[in-house]
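What follows is a single structure, written as structure tokens, with notes after it.
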Amino acid sequence: MNENPKKVKIEYCWDGHTLVEECVESFEQLEHRLQELKKRSGELAGKKQCVYTVDVVIENTGRMSVALDENCILMFYDEVDDCYLTSLGNPSAEGFTEALYDFGQLAEQPNKYIVQYNDALAVLKDWIVSKKLNTRISWTDEID
């Protein structure tokens, strides 16, 4: 994955106060762990129609928040350039998501930010391997 896989970790806090941090040794391990957490988040969300998120963190580089749903949203923070970007699936999409997304607080998100989960994984893999943001999807710094 990189020269020092200990520098890549995932972080999440689904109970509102306990931060969980896990080191990741390979992209395959990350993908498997995200799939486990995606299943667990669906079970936890229950009737709340909530989509939980996990942050993938590369030390001294940045973090990418990944919504654990087929209708995924990515939020990216570049530590070096101090900039925030959000995935932009369909800029002309109208309305808001049915589910509430938990990016630190529960909120509907504009549908235009939705990308498919498999595309999000591909972007995540490219970012981890190259430390560069892939243009497989579009990004915006303008948040509604």
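Model, not experiment: these values are computed from the prediction.
- One N or O on the side chain of Ser87 and one on the backbone of Leu74 form a donor-acceptor pair closer than 3.5 Å.
- Considering only heavy atoms from C-beta on, Ile73 stays 4.5 Å or farther from Val66 through its side chain.
- To the nearest 0.5 Å, the span separating NZ on Lys7 from SG on Cys23 amounts to 12.5 Å.
- Remark: side-chain polar atoms of Asp15 are paired, donor with acceptor, to backbone N or O of His17 under 3.5 angstrom.
- None of Ile10, Val24, Leu34 except one satisfies the side chain to side chain contact (heavy atoms under 4.5 Å, CB included) rule with Gln29; the exception is Val24.
- By the rule that hydrophobic residues join a cluster once side-chain heavy atoms approach within less than 4.5 Å of another member, Val123 and Val57 end up as members of separate clusters.
- His32 and Glu28 form no side-chain donor-acceptor contact under 3.5 Å, judged by distance and modelled atom types alone.
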Starting from the C-alpha separation in whole Å, work towards a yes-or-no answer on side chain to side chain contact (heavy atoms under 4.5 Å, CB included) for Met75 and Phe103. CA-CA 9 Å; Met75 293 189 178; Phe103 287 103; 3.8 Å; yes

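- The hydrophobic clustering, which links ILVMFWY residues whose side-chain heavy atoms are closer than 4.5 Å, places Tyr52 and Leu124 together.
- At least one donor-acceptor pair under 3.5 Å links the side chain of Asn111 to the backbone N or O of Glu94.
- Rounded to the nearest 0.5 angstrom, Leu121 CG and Cys72 SG are separated by 7.5 Å.
- Of the inter-residue distances, the one linking Ser92 atom OG with Asn90 atom CG reads 4.0 Å to the nearest 0.5 angstrom.
- The CH2 atom of Trp139 sits 7.0 Å away from atom CZ of Phe76, with the distance rounded to the nearest 0.5 Å.
- By the criterion of side-chain heavy atoms lying less than 4.5 angstrom apart, applied directly or through intervening Ile, Leu, Val, Met, Phe, Trp or Tyr residues, Val8 is grouped together with Leu133 in one hydrophobic cluster.
- Rounding to the nearest 0.5 Å places SG of Cys13 at 11.0 Å from CD of Glu21.
- Scored by the side-chain contact (heavy atoms from CB on, under 4.5 Å) test, Gln35 finds Lys38, Tyr117 as partners (sequence neighbours excluded).
- When all heavy atoms are compared, the tightest approach of Asp102 to Cys50 is CB-SG, 4.2 Å.
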Please lay out, stage by stage, how Trp127 and Lys132 fare under the test side chain to side chain contact (heavy atoms under 4.5 Å, CB included). CA-CA 5 Å; Trp127 177 62; Lys132 294 179 182 170; 5.9 Å; no

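- The hydrophobic cluster containing Leu88 also contains Ile143, counting ILVMFWY residues as joined when their side-chain heavy atoms lie under 4.5 angstrom apart, directly or transitively.
- Using bins of under 30°, 30° to 60° and over 60° for the plane-to-plane angle, the ring pair Trp14/Tyr12 lands in the tilted bin.
- Both Val20 and Val54 sit in one connected hydrophobic cluster of ILVMFWY residues. Membership requires side-chain heavy atoms under 4.5 Å apart, directly or through other members.
- Side-chain contact between Tyr101 and Glu108 is absent, with no heavy atoms from C-beta onward closer than 4.5 Å.
- Using a cutoff of 4.0 Å between basic side-chain nitrogens and carboxylate oxygens, Lys39 and Glu36 are not scored as salt-bridged.
- Contact check on Lys9 versus Glu22 returns no salt bridge, with no Lys/Arg side-chain nitrogen under 4.0 Å from an Asp/Glu carboxylate oxygen.
- In this structure, CD1 in Ile114 is found 11.0 Å from CD1 in Ile137, a value given to the nearest 0.5 Å.
- No salt bridge links Arg136 with Asp126; every basic N to acidic carboxylate O contact stays at or beyond 4.0 Å.
- You'll find the side chain of Asn71 reaches within 4.5 Å of the side chain of Gln116, heavy atoms only.
- Taking the side chain as every heavy atom from C-beta outward, Ile128 and Phe27 approach each other to under 4.5 Å.
- Remark: the Tyr77 side chain and the Asp82 side chain contain an N/O donor-acceptor pair separated by less than 3.5 Å.
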What's the verdict on side chain to side chain contact (heavy atoms under 4.5 Å, CB included) for Tyr113 and Thr97, showing C-alpha distance, side-chain angles and the deciding distance? CA-CA 10 Å; Tyr113 300 134; Thr97 58; over 6 Å; no

Should Arg63 and Ile58 be marked as a side chain to side chain contact (heavy atoms under 4.5 Å, CB included) after you check the CA-CA gap, both sets of side-chain angles, and the distance that decides it? CA-CA 6 Å; Arg63 69 178 50 233; Ile58 301 177; over 6 Å; no

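- Side-chain N/O atoms of Ser65 and Asp55 include a donor and acceptor closer than 3.5 Å.
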